[in-house]
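Please read the structure below before turning to the comments.
Because only heavy atoms are used, hydrogens play no part in the values below, and waters and symmetry mates are left out as well, while side chains stay in. On a predicted model such as this, the values are computed, not experimentally measured, just so you know. Counting starts at 1 for both ligands and their atoms, in listed order. If you read the sequence from its start, that first residue is 1, and numbering goes on from there.
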Amino acid sequence: MPSLALSDKKKEEKKMKKKIDLETTTPEQDSKKKGKKLKLSDSDGEEKKSKKKRKSIDESEEEPEKKSSKKVKLSVVEDVKVDNPNAVSNFRISDPLKAKLKEKGIEALFPIQATTFDMVLDGADLVGRARTGQGKTLAFVLPILESLINGPAKSKRKNGYGRPPSVLVLLPTRELAKQVFADFEAYGGAVGLAACCVYGGDPYAPQEHKLKRGVDIVVGTPGRIKDHIERRNLDLTYLQFRVLDEADEMLRMGFVDDVELILGKVEDPKKVQTLLFSATLPSWVQTIAARFLKQDKKTIDLVGNDKMKASNSVRHIALPCSKQAMSRLIPDIISLYSSGGSTIIFTETKDQASELSGLLPGARALHGDIQQSQREITLAGFRKGKFSTLVATNVAARGLDINDVQLIIQCEPPRDVEDYIHRSGRTGRAGNTGVAVMLYDSRKSGVSRIEKQAGIKFEHVSAPQPNDIARAVGMEAAEKITQVCDSVVPAFMAAAKELLESSGVSAEVLLAKALAKTAGFTEIKKRSLLSSLENHVTLLFEAGKPIYTPSFVFGALKRILPEDKVNTIEGFTLTADGQGAVFDVAQSDVDQFMSAAQKTASVSLEIVKELPKLQEREPMPRGRFGRQGGQGFNNRGRGGRFGRGRGGGGGQRW
Ligand SMILES: Nc1ncnc2c1ncn2[C@@H]1O[C@H](COP(=O)(O)OP(=O)(O)OP(=O)(O)O)[C@@H](O)[C@H]1O
């Protein structure tokens with residue numbers, strides 16, 4: 001299909017442009033462009049100095065003529081690479097690491113990596129913040145490894161059998177620990193450094209064995225790390241680097257005691273470099289940074305006071321939908337917005353995740369009540385594309401980097417804006433684009449709160465209608481049809497001719513039927529705009545004067561319609577202008593409602609074509625410090641949130 005090919009091409013071009021933008025723009029360049037200030041807590045000068053150093057090394061390495069002759073020979077694309085100040089070759093990265101980066105298709109550092117590389121390699125403590133999917137993991141992996149093999153940490157690193165680790169990385173969940181471990185294993189392995197991963201839910205013995213044999217890097221979750229320290233399997237005396245990744249989540253989960261205990265185990269905190277990374281840094285994390293990091297720490301905040309806190313390569317969409325309509329609506333949202341890629345659906349509770357995954361064809365659930373071994377199988381299957389829809393609780397909200405996730409669906413506005421930012425950030429990663437659809441109950445909403453706090457502007461859309469769905473699935477079906485092998489066509493020609501002659505409809509109509517059948521659609525039901533309910537229609541009620549209460553509308557309706565009919569209306573909401581109310585009625589009742597309204601001059605009813613702006617009723621705010629135990633953090637239980645089973649409250653949600 002030419003139009004399909006064209007749109008795909010455009011998408012690819014856009015992706016390329018975005019990728020190049022991400023790779024070539026350093027925050028300094030960016031801030032100059034926008035007149036925005038990059039937050040550098042101190043030694044700004046040092047950073048400039050090391051940049052200069054880099055430049056002068058580059059200049060002395062090559063004769064000017066050589067440089068220019070090389071440029072002449074290069075194509076435009078190659079030119080971008082050479083001129084890119086963030087090209088890997090511009091950093092003090094040793095050859096085996098460079099080769100590994102190249103093997104992984106990484107030619108230039110992303111801004112958070114480029115900005116912090118020298119600081120970390122030169123020994124600074126650091127608080128680093130960048131939006132989701134912008135490469136924070138390599139921002140600590142690369143300079144730490146480089147420091148251990150060629151930099152200041154090399155001479156202090158212990159060698160040989162039974163050596164204690166030089167690096168400790170703490171993460172909030174097992175899935176994340178495994179992901180970060182995979183990077184340390186790949187890049188560390190390239191320079192002869194050994195890493196191991198320890199987390200709860202797995203037997204102790206194999207972890208114990210690895211630790212006793214000696215490793216350079218330990219990656220894990222706080223609970224299990226603490227257990228290994230107490231069992232004397234883990235000696236942190238010679239630690240040189242401590243990394244707190246997704247620090248705010250770790251502390252929010254109630255790991256604060258474990259984290260403190262672990263961080264307190266180093267012999268001389270002044271000799272240890274501590275790095276703290278996240279996409280969200282609530283102000284209370286700054287307090288933690290002040291306690292655990294050195295006074296002269298650097299802060300690199302690539303989000304800063306920018307209004308937009310969530311990923312800016314994601315399309316943020318808000319869509320009204322009742323609980324009832326959800327499981328039937330979601331497949332259509334996937335057809336319309338997933339561009340053929342994978343989808344992660346976030347629910348608020350474990351029960352919801354299980355229930356919804358059972359209702360969606362081919363979907364699997366991931367939450368804290370599922371056994372660790374099964375969780376790993378599910379996640380591995382999703383990563384490999386064995387199934388394309390994952391229904392998860394917040395267990396999958398943070399940090400997970402899964403290729404080809406094109407669509408995020410959140411079943412309701414999350415209570416914490418940080419959750420919105422991290423969940424929607426599972427798509428649109430590494431310079432790619434993605435779509436995040438947030439469903440909301442028009443009677444409760446919460447949309448404006450997320451919009452305001454995350455600094456995003458939602459696209460407000462209504463439930464996909466028959467034409468939208470037909471266009472989307474029709475395109476996919478068309479692609480399937482055009483892929484049918486030419487050699488099988490002659491065998492079907494006689495049947496096709498006969499059908500064309502006998503059906504009495506045009507070739508176009510027949511082809512449309514073939515597309516519908518190929519896409520698996522025998523009927524498409526209309527949906528209401530307000531609750532996304534099938535075979536329902538959204539009506540607008542007006543009375544020619546301001547409406548202050550729902551009871552006024554119900555009273556007026558009951559005067560013109562039987563009470564039991566009025567009681568069937570769904571999703572009742574007042575409009576933002578205070579002049580009307582919208583609600584859904586069954587398609588079969590529409591005529592009765594409309595003719596009743598026509599008989600009276602006091603009210604009017606109209607079928608809504610486009611949903612007007614609605615009044616929002618905010619849910620009760622949940623205080624961050626509202627329902628927890630000590631330490632002043634939202635203590636949802638000591639890791640119980642993800643089923644570590646270490647007691648504490650609040651573990652039921654995820
Ligand atoms: N310099 C680079 N060039 C190309 N791809 C990169 C580069 N650095 C990292 N990536 C890729 O970008 C993706 C996102 O990286 P990463 O998971 O570290 O992001 P993040 O900032 O930690 O996101 P989150 O806040 O969601 O945890 C990964 O697939 C990673 O391999």
(message) Considering both backbone and side-chain atoms of His422, is one of its nitrogen or oxygen atoms within less than 3.5 Å of a nitrogen or oxygen in ligand 1?
(response) no

(message) Within the 4.0 Å heavy-atom shell around Ala108, which atoms of ligand 1 are there?
(response) 1 (N), 2 (C), 3 (N)

(request) Would you name the heavy atoms of Glu418 and Asp248 that are closest together and state the gap between them? (result) CG-OD2, 4.3 Å

(request) Considering the heavy atoms of Leu109, write down every atom of ligand 1 situated less than 4.0 Å from one of them. (result) 1 (N)

(request) Pick whichever of Asp401, Leu400, Ile112, Leu101 has a heavy atom sitting closest to atom 14 (C) of ligand 1. (result) Asp401

(request) Would you give the length of the straight line joining atom NZ of Lys102 to atom CD of Glu107, rounded to the nearest 0.5 angstrom? (result) 6.5 Å

(request) Could you tell me whether Arg398 approaches ligand 1 through its side chain, its backbone, both or neither, with non-hydrogen atoms closer than 4.0 Å? (result) neither

(message) Pairing donors with acceptors under 3.5 angstrom, does anything connect the side chains of Arg242 and Thr274?
(response) yes

(message) Between Asp401 and Arg429 (salt bridge meaning N to carboxylate O under 4.0 Å), is one present in this structure?
(response) yes

(message) Under 3.5 Å, is there a donor on one side chain and an acceptor on the other for Gln179 and Glu175?
(response) no

(message) For the NZ atom on Lys210, are there more than 12 heavy atoms of other groups (residues, nucleotides or ligands in this structure) within a distance under 6.0 Å?
(response) no

(request) Report the distance from atom CD1 of Ile377 to atom CZ of Arg375, rounding to the nearest 0.5 Å. (result) 12.5 Å

(request) Measure the acute angle between the ring planes of Phe117 and Phe91, then classify it against the limits of 30° and 60° as parallel, tilted or perpendicular. (result) perpendicular

(message) Geometry only, no angles: is Lys136 polar-contacting ligand 1 at N/O separations under 3.5 Å?
(response) yes

(request) Output the list of atoms in ligand 1 that are nearer than 4.0 Å to some heavy atom of Gln134, sorted by atom number. (result) 19 (O), 20 (P), 21 (O)

(message) Taking distance alone, with N or O pairs closer than 3.5 Å, would you say Gly135 contacts ligand 1?
(response) yes

(request) Kindly identify the option in Thr137, Thr132, Leu138 whose heavy atom sits closest to atom 18 (O) of ligand 1. (result) Thr137

(message) Under 4.0 Å from a heavy atom of Arg429: which atoms of ligand 1 are those, numbered in the order shown and with their elements?
(response) 14 (C), 16 (P), 17 (O), 19 (O), 20 (P), 23 (O), 24 (P), 26 (O)

(message) Can you tell me which portion of Lys104 lies within the under-4.0 Å heavy-atom range of ligand 1? Options are side chain, backbone, both, or neither.
(response) neither

(request) May I ask whether Glu246 places a heavy atom under 4.0 Å from ligand 1? (result) yes

(request) Measure the OG1-CG distance between Thr347 and Leu439 for me, rounded to the nearest 0.5 Å. (result) 11.5 Å

(request) Between Phe277, Phe110, Phe140, flag the one that comes closest to atom 6 (C) of ligand 1 by a heavy atom. (result) Phe110

